[in-house]
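FYI, the numbering just counts along the sequence from 1. Counting convention: from 1, in listed order, for ligands and their atoms alike. None of the values given here were measured: they were computed from a predicted structure.
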Amino acid sequence: MIVLGIESSCDETSAAIVSENKKILSNVILSQIADHAPYGGVVPEIAARAHLDHLDRLISEALACAQVNFSGLSGVAATGGPGLIGGVIVGVMTAKAIALARGLPFLAINHLEGHALSVRLTSDIEWPYLLLLVSGGHCQLLLVERVGQYRRLGTTIDDAVGEAFDKAAKLLGLGYPGGPALERAARAAVAPERFALPRPMVGRPGCDFSFSGLKTALGRCAAGCPQPLSAIDAADLAAGFQEAVADALVDRTGRALALARIAAPQCRTLVVAGGVAANQCIRTRLEALAQRAGWRFEAPPLALCTDNAAMIAWAGIERLRLGEQDRLDFAPRPRWPLDPTAPRAPGAGVKA
Ligand code: KG4
Ligand code: ZN
C-alpha cells in the first residue's frame, strides 16, 4: 500500500509518499516562513495563495523523488481540517481531483490525528498510549485508544503552547517563528532563575493548561530590564520562560499519567507530538517524567514533529487498511475536535 499525503493547513505546503511498511519514500516540505515573517505571524490569505501556487509542483516532486507515478498509488490523503480554511480547501480539492481522475480512494485526515499517529510511522507502538499534543494551535492530553478513538483528558483554557512560544519570542524580539528562535536564545542563558515567572495550573486538579498569564508575566519581567533588552537578559528570560512551560507540561502530564492508569490500566507509553515536541528541553523533561513512572517514552524524530505530509499519508494508510475512505463531497473543516464528546475549552483557538 502506497499513499500520497498532502498537508496545507497552516504555513507549510507539503506532499509525501509513504508505504505501508513504514518507508517515507519522499516528504517534500515548502515553508512559507519568509512570506509571513514581515507580519510576525501567519497571514491566512497569503498562506492560501502560496499553497495554491506551489502544491502541484510539490506533488510532482514527491512522486519523482519516490520514483512512483499516480498508477502506483493506493490512495490520496489530505488534511481535511482543522486549520486555516483557505489552505485546507486547496489541499482537499487537489486530493479529490487526483482521486477522481485516477479512481483512487480519497481520505480526509484530521490534522491532529496526523500528529497523534505520526509516532507509529517511526516506532512500533501498541494501543493505548497517552499523547501530549503540543502545537501552534493546540495543547492537549489525549488517550489514544486506536485509530479514530481519542479520549481527551485535558486541554488549554487559553493559548496553545506553540502560540505562547511564538508570542514570547516576539515580546523578546527574537523573531519568527518563535519556538525554535526562543529555544536557540535560551541556550545562551546565564541565570534564568533570576526572573520570578509563574507555573500556570501547577498543583491544580485536572489536566488542563493555561499559558496567557505566563506570557503576561514575561512581558512584565522584560519591561523591568534596561531597554533595549540586552542579549543576556533576553537569553535569561527565554530560558526562564522555557523552564516554566516545561514545569507546567510535566505537572499536567504527570496527572494525566495517573488518570490514564485508571482509564486504561494496560497503558504504559507516553508520546509527545506536534511542533513544540521539537523542543529539546521539553523532550528531556518529559522523558525523565516517563522514566520516573516506569513508562516508555516516544517522540517522533524532529522533522516529523512540525507540520509535514508524511504524517498525513501515514494516517491515510492507517485508515485505508481498516477499510475506510471518505466521500468526494467531504467539506473542509476549520474546526474538527479529535474527541467530539469533550467539552469545548473557553477561548480555545481553531488553528492546528
Ligand atoms: O505542529 P506545528 O508545525 O504546526 C501546527 O500544527 O500548529 O507547530 C508549530 C508550532 C509553532 O508555534 C512553533 O513556534 C512551535 O511549534 N515550535 C517550537 C519549536 N519548534 C516549533 N516550540 C518550541 N521549541 C521548538 N524547538
Ligand atoms: Zn500541526
Side-chain angles (χ1 to χ4, degrees), residues 5-14 16 27 29-33 36-37 40-42 44 47 51 78-84 87-88 91 109-119 131-140 142 156 159-172 174-187 211 214-215 238-239 241-246 248-249 271-286 299-312 314-315 334-336 338 348-352:
I6 295 172
E7 161 58 34
S8 58
S9 66
C10 192
D11 59 346
E12 263 101 21
T13 320
S14 179
N27 187 21
I29 305 171
L30 181 74
S31 165
Q32 302 174 3
I33 286 174
H36 301 288
V42 180
H51 290 305
T79 293
L84 300 174
V88 177
I109 303 298
N110 184 317
H111 180 84
L112 303 176
E113 181 167 63
H115 281 302
L117 302 180
S118 59
V119 73
L131 172 74
L132 173 65
L133 176 53
V134 277
S135 71
H138 291 270
C139 187
Q140 301 188 359
L142 295 149
T156 178
D159 291 352
V161 63
E163 186 184 359
F165 265 100
D166 293 334
K167 288 177 178 169
K170 198 168 181 178
L171 210 144
L172 299 177
L174 298 173
Y176 164 87
L182 193 140
E183 183 178 18
R184 255 192 320 275
R187 282 197 205 110
F211 295 104
L214 173 60
K215 177 194 61 194
F241 174 85
Q242 189 170 257
E243 276 300 319
V245 170
L249 294 178
V271 171
V272 62
V276 182
N279 185 288
Q280 204 51 57
C281 162
I282 288 170
R283 281 169 97 100
T284 308
R285 294 284 309 279
L286 290 167
L302 294 192
L304 293 186
C305 285
T306 44
D307 288 348
N308 66 88
M311 70 181 191
I312 302 302
W314 175 252
R335 230 193 127 252
W336 188 358
L338 261 188
V350 293
K351 191 181 157 270

Subject >> Candidate with minimal heavy-atom separation from atom 9 (C) of ligand 1, of P180, G136, G114, G41 >> reply: G136
**OP:** Could you pull out all residues at least two apart from E12 that satisfy side chain to side chain contact (heavy atoms under 4.5 Å, CB included)?
**Re:** I29, S31, D307
**OP:** Just give me the atom name: the N, O or S atom of D307 closest to the Zn ion (ligand 2).
**Re:** OD1
**OP:** Pick whichever of T79, I282, V276 has a heavy atom sitting closest to atom 15 (C) of ligand 1.
**Re:** V276
**OP:** Decide side chain to side chain donor-acceptor pair (under 3.5 Å) for Q242 and N279; before the verdict, give the C-alpha distance in whole Å, the side-chain angles of both, and the deciding distance to 0.1 Å.
**Re:** CA-CA 9 Å; Q242 189 170 257; N279 185 288; 2.9 Å; yes
Subject >> Closest to atom 11 (C) of ligand 1 among D166, V161, L112, D11 (heavy-atom distance) >> reply: D166
Original post:
Any N or O on T306 sitting closer than 3.5 Å to an N or O of ligand 1?
Top reply: no
Subject >> Min side-chain heavy-atom separation E7-N308 under 4.5 Å >> reply: no
Original post:
Are any of the heavy atoms in Q280 under 4.0 Å away from ligand 1?
Top reply: no
Original post:
Is the distance from the Zn ion (ligand 2) to some N, O or S atom of H138 under 2.8 Å?
Top reply: no
**OP:** Check whether any side-chain heavy atom of I6 sits under 4.5 Å from a side-chain heavy atom of I312, and report yes or no.
**Re:** no
Subject >> Metal proximity, H111 vs the Zn ion (ligand 2), N/O/S cut-off 2.8 Å >> reply: yes
Subject >> S14 vs H51 side-chain heavy atoms within contact, under 4.5 Å >> reply: no
Original post:
So, does P177 sit close enough to ligand 1 that a heavy atom of it is under 4.0 Å from the ligand?
Top reply: no
**OP:** For ligand 1, indicate whether the residue H115 contacts it via side chain, backbone, both or neither (heavy-atom separation under 4.0 Å).
**Re:** side chain
Subject >> Distance filter under 4.0 Å to G137 heavy atoms, resulting ligand 1 atoms >> reply: 7 (O)
Original post:
So do K170 and D166 actually touch side chain to side chain, heavy atoms under 4.5 Å?
Top reply: no
Subject >> Close aromatic pair by centroid cut-off 6.0 Å: F165 and F241 >> reply: yes
Subject >> Those atoms of ligand 1 less than 4.0 Å from some heavy atom in H111 >> reply: 6 (O)
**OP:** Considering the heavy atoms of G162, write down every atom of ligand 1 situated less than 4.0 Å from one of them.
**Re:** 12 (O)
Subject >> H138 vs L112 side-chain heavy atoms within contact, under 4.5 Å >> reply: yes
**OP:** Give the intermediate values and the outcome of side chain to side chain contact (heavy atoms under 4.5 Å, CB included) for residues W314 and S118.
**Re:** CA-CA 7 Å; W314 175 252; S118 59; over 6 Å; no
Original post:
Between the candidates A160, P82, G179, which shows the shortest non-hydrogen contact distance to atom 22 (N) of ligand 1?
Top reply: G179
Original post:
By atom name, which N, O or S atom of H115 is the nearest to the Zn ion (ligand 2)?
Top reply: NE2
Original post:
Between I282 and V134, is any pair of side-chain heavy atoms under 4.5 Å apart?
Top reply: no
